[in-house]
Amino acid sequence: MHEYAFFLGCIAPNRYPGCEASAIKTSEKVGIKLLPLKGASCCPAPGAFGSIDLNVWYAMAARNIVLAEEMKKDITLICNGCYKSIYEVNHILKHNDELRDGVNEVLKEIDMEYKGSIDVYHLAELYYDEKICGVRKIRESVTTPLTGAKIAVHYGCHLMKPKKERHFGDTENPMWLEELVEAMGAETVQYRNKMQCCGAGGGVRGYDIVHALDITNEKMINMREAGADAITEVCPFCQLQFDRGQIEIKEKFGDVYNIPVLHYNELLGLAQGMSPQDLALDLHAIDCSPFLEKVL
Amino acid sequence: MAENSEARIGVFLCHCGTNIAGSMSIDEVVDYAKTLPYVAHADQYQYMCSTPGQKKIADAIKEHNLTGIVVAACSPRLHEPTFRTATKEGGLNPFRFEMANIREQNAWVHMHGMHDESTAKAKDQVRIAVAKAALLEDLIPKSVPVEHAAMVVGAGVGGMQAALDLASAGIKTYLIEAQPTIGGRMSQLDKTFPTLDCSQCILTPKMVDVGRHPNIELLTYHEVEKVEGYIGNFDITIRKKARGVLTPTEATAKGIVGGGCNGCGDCSGVCPVIKPNPFEMGMAPRKAIYIYHAQVMPLIYTVDFDACVKCGLCVEACGEKKAIDLEMVDEFRQVKVGTVVLATGFDLIPIEEKKEWGYKRFENVINSLEFERLICASGPTGGHLVRPSDGKTPKAVGIVLCAGSRDNTGGVAKAYCSRFCCMYSLKHAHQMYEKIPGCKVYLFYMDIRSFGKAYEEFYYRIQNEGAKFIRGRVANILEDSDTKNLHVFAEDTLLGRPVDIEVDLVILAAATEPKDGANVVRKKFGVSASQDGWMLEAHPKLNPCGTTTAGVFLAGVCQGPKDIPDTVAQAEGAASAASIPIHMGEVELEPYFAMCMEELCAGCGMCVNLCPYSALALVEKDGRTVMQVTEAKCKGCGTCGGFCPGGAIKMQHFTTPQIVNQIHQFLTGGE
């Protein structure tokens with residue numbers, strides 16, 4: 001068992017509890033044990049905090065990292081926004097002594113010190129990593145193959161970019177998430193402008209919802225044209241934007257899609273035999289039942 | 001400690017304007033120099049390299065009866081020869097001179113104001129130089145004869161020009177080309193900017209001249225295997241790659257009268273193996289026995305042994321000419337030349353690695369060399385520009401400039417400007433307006449660099465023809481899966497808004513990089529590369545054709561991106577530079593070679609194996625085995641001298657007493 005400190009984030013536990021449940025349960029079946037990161041705060045959100053005061057962003061993220069350093073465990077997480085904050089701040093502080101000293105000055109007030117002794121991973125990247133899990137293990141863990149399902153994959157911006165501070169290789173047309181989805185027996189569809197933003201990130205959803213939805217709408221058109229039965233992603237905030245966003249698009253623009261949106265962990269949960277109730281799919285804004293009838 | 005009570009040293013400090021004098025107190029260093037042992041005279045001057053500066057040295061030698069000279073100034077790479085000459089003019093052996101580099105290694109790293117530390121360091125540098133100068137000895141340079149032959153590696157337009165110039169100057173010239181034909185990149189082009197000459201039409205006369213010139217030995221399908229020797233006497237082993245086909249000359253030599261390849265093409269007609277033709281950027285087929293195109297030089301077919309199934313049909317078709325030998329193997333031969341010109345050219349970067357533009361993912365995204373073949377009348381489509389997905393004529397075309405050039409994002413991208421893409425892209429726009437009525441061409445650019453003679457005028461001309469110039473880098477390109485049309489997304493930075501333009505075809509003006517394999521050739525000749533990967537010239541401004549290896553010169557794009565006129569100009573420069581030592585007949589070698597002190601040599605032979613230049617050998621002398629140095633081969637690296645357990649090897653100009661005295665003077669701080 002590979003053990004990691006599990007950084008929950010805010011949107012998963014508050015809006016999509018199925019993401020949290022499925023992360024803990026699916027990872028255990030492929031040899032990854034998620035340990036609660038007690039006392040963790042908001043990551044904090046990179047758009048909302050990072051755009052306004054970087055020092056607050058560094059310090060709060062560093063505090064979360066220190067909690068894991070005290071556990072002597074690497075962090076894993078299931079949200080691209082959290083990844084941006086926790087991974088990137090860890091990366092920056094490891095390479096900038098001056099900044100690290102500044103952050104430690106702040107952390108001293110709560111008797112903490114950032115040491116730079118752990119690494120941060122997205123759970124999806126651990127699933128793909130042959131040394132930890134790998135596609136084969138995912139395939140072997142499937143009990144209910146999602147045969148016949150056509151899935152549109154969304155990577156999300158904060159996971160992949162900026163390219164030079166990430167380590168995923170090709171960021172313009174990556175295919176590894178597709179491989180992870182196809183391991184469940186589903187088909188993936190390639191659609192126009194796959195790497196486009198969901199529309200929500202960078203504080204756009206909060207600041208200018210119409211603009212955000214316009215971007216989402218374009219993405220929805222492209223995914224529908226490719227014949228997607230469902231969308232999968234690795235970020236609860238992208239999930240919120242696609243799921244809740246479809247209701248808002250209907251209200252604001254009148255366009256109707258009704259394409260269910262499932263986090264990769266939720267999809268893997270289904271494929272590993274978790275029930276829709278366990279995955280709290282009834283809390284999704286877009287009804288998942290037509291998709292469930294097709295695959296289950 | 002070695003002493004030389006006879007030594008009388010003159011020290012001269014150069015201000016180099018404010019280059020040196022702006023960072024340290026020259027007066028203080030001169031006063032200090034006067035206190036040093038052996039120093040009989042110390043002086044300073046604004047520019048020591050000037051005529052009055054040099055005269056100071058010559059005069060002081062006579063006036064003060066000096067035995068050695070120290071000039072504290074710039075790098076010896078710049079002015080050591082100048083001051084050696086001045087030393088000689090004063091009546092001393094030129095090797096009685098030592099330089100202290102107080103500019104590059106002192107003033108320039110402590111710029112912006114006077115520094116006591118710079119002055120202190122200059123004192124150290126002068127003291128150390130004096131320590132060596134006191135022990136310098138007279139040395140006589142060796143002259144070696146220069147082979148009356150040259151080699152040019154690469155037979156594109158640059159290599160061909162260099163070879164023609166050398167050959168016309170009466171020098172036997174070996175022109176080596178790895179491909180089966182000469183002509184290089186230029187032969188793939190349709191037209192040339194800004195005059196719009198047909199590229200082949202102006203190139204083929206040169207190709208014919210090369211083929212006919214009595215002083216040129218054309219060696220196509222050959223590669224440089226191994227390089228030994230030095231300026232004047234390079235021994236170069238060349239690999240004659242198995243071509244599978246005999247030339248008429250080779251056939252005659254084998255006693256096949258009237259045989260050998262006459263280029264009839266009967267073999268190719270019957271060959272059952274089809275491969276993509278790299279000359280056509282893979283867009284047209286060739287057989288396993290092939291020529292690249294109709295105007296190849298020499299017109300001799302070549303067997304691609306990686307593809308050939310050895311069915312023997314071609315041998316049968318060739319008949320009595322008996323030109324085809326499917327069992328041919330690589331052969332090696334050695335040639336001796338005095339000087340070498342490298343002209344290895346360029347490739348386009350693998351632009352598919354810039355994923356955002358979709359090359360090799362979207363059928364209608366092509367690179368600029370593919371465009372050249374598609375618009376060329378002798379190309380695979382007979383000069384009809386078509387888009388690869390459906391063979392239709394494009395009506396709207398996007399050209400992405402700086403595709404991987406001037407790009408700091410890493411990976412395959414290059415930080416440098418590839419220099420000719422702006423101009424050929426303007427030409428591409430013109431060619432489309434000429435051939436496709438109503439066609440719209442969009443050029444996405446950062447800056448249009450129309451730098452050459454009549455280039456800016458050409459830019460105006462293309463503007464007037466209606467080309468749309470959009471100043472902005474292309475963020476990404478998306479394909480419409482039904483029509484295979486492409487959406488080009490960019491920010492128009494003049495309008496300050498994003499644009500999405502639908503086109504039928506996109507041409508990526510991909511960045512250039514050194515030719516695959518150029519690095520291997522470069523290293524064989526001991527030529528360095530600059531940080532960007534291109535071969536390194538001896539001096540970026542004052543010696544752009546030379547390299548740090550004496551006798552090896554550069555021509556064309558192998559030294560950095562350049563267009564055809566610049567390539568030809570540099571090739572002529574390189575040929576001229578390469579012909580000088582040959583016409584002089586002999587070159588002087590620096591007398592820094594190792595010397596065996598035979599009375600100390602035990603003949604152990606350890607040094608012989610260590611020498612990287614095979615310059616040492618054991619010989620019998622007066623009944624003893626001793627080491628002997630072939631002076632012309634020795635580079636003075638000091639490997640043998642440092643190792644010799646008996647201290648029997650003297651490194652001239654870097655003798656043990658000289659170096660030890662320098663170290664001693666440094667460590668004792670002159671105390």
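The chains referred to below are lettered A, B, ... by the order of the sequence lines, with proteins before strands, and numbering in each begins at 1.
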Trainee: Rounded to the nearest 0.5 Å, what separation is found between the OG atom of B:S481 and the CD atom of A:Q190?
Mentor: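 Result: 11.0 Å between the selected atoms.
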Trainee: Within a reach of under 6.0 Å around NZ of A:K94, are more than 12 heavy atoms found that belong to other residues, nucleotides or ligands?
Mentor: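 Yes, NZ of A:K94 has more than 12 neighbouring heavy atoms, counting only those of other groups under 6.0 Å.
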Trainee: Does A:Y207 OH have over 12 foreign heavy atoms under 6.0 Å away?
Mentor: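 Atom OH in A:Y207 is not packed in, count stays at 12 or less.
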Trainee: Distance from A:K194 atom NZ to B:L478 atom CG, nearest 0.5 Å?
Mentor: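 The CG atom of B:L478 is 12.0 Å from NZ of A:K194, to the nearest 0.5 Å.
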Trainee: Counting only heavy atoms not in A:R136, do more than 12 sit closer than 6.0 Å to its CZ atom?
Mentor: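 Counting neighbours around CZ of A:R136, 12 or fewer heavy atoms of other residues, nucleotides or ligands fall under 6.0 Å, so no.
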Trainee: Crowded around A:H167 NE2? As in, over 12 foreign heavy atoms under 6.0 Å?
Mentor: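 Yes.
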Trainee: So with a 6.0 Å cut-off around NZ of B:K440, is the heavy-atom count from everything else above 12?
Mentor: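 For B:K440, atom NZ is not crowded (no more than 12 foreign heavy atoms under 6.0 Å).
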Trainee: Strictly less than 4.5 Å between heavy atoms, which residues of residues 349-357 of chain B line up against chain A? Please order them by number.
Mentor: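 Residues B:K355, B:E356 are the ones that qualify, each having a heavy atom under 4.5 Å from chain A.
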Trainee: Is it true that, when you exclude B:K395 itself, more than 12 heavy atoms of the residues, nucleotides or ligands shown sit nearer than 6.0 Å to its NZ?
Mentor: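 Enclosed.
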Trainee: Quick check: are there more than 12 heavy atoms from other residues, nucleotides or ligands sitting under 6.0 Å from CG of A:N173?
Mentor: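 Yes.
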Trainee: Rounded at 0.5 Å granularity, tell me how far CZ in A:R192 sits from CG in B:D480.
Mentor: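 It is 6.5 Å, given to the nearest 0.5 Å.
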Trainee: Supply the atom-to-atom distance B:T409 OG1 to A:K164 NZ, rounded to the nearest 0.5 angstrom.
Mentor: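 Rounded to the nearest 0.5 Å, the OG1-NZ separation comes out at 8.5 Å.
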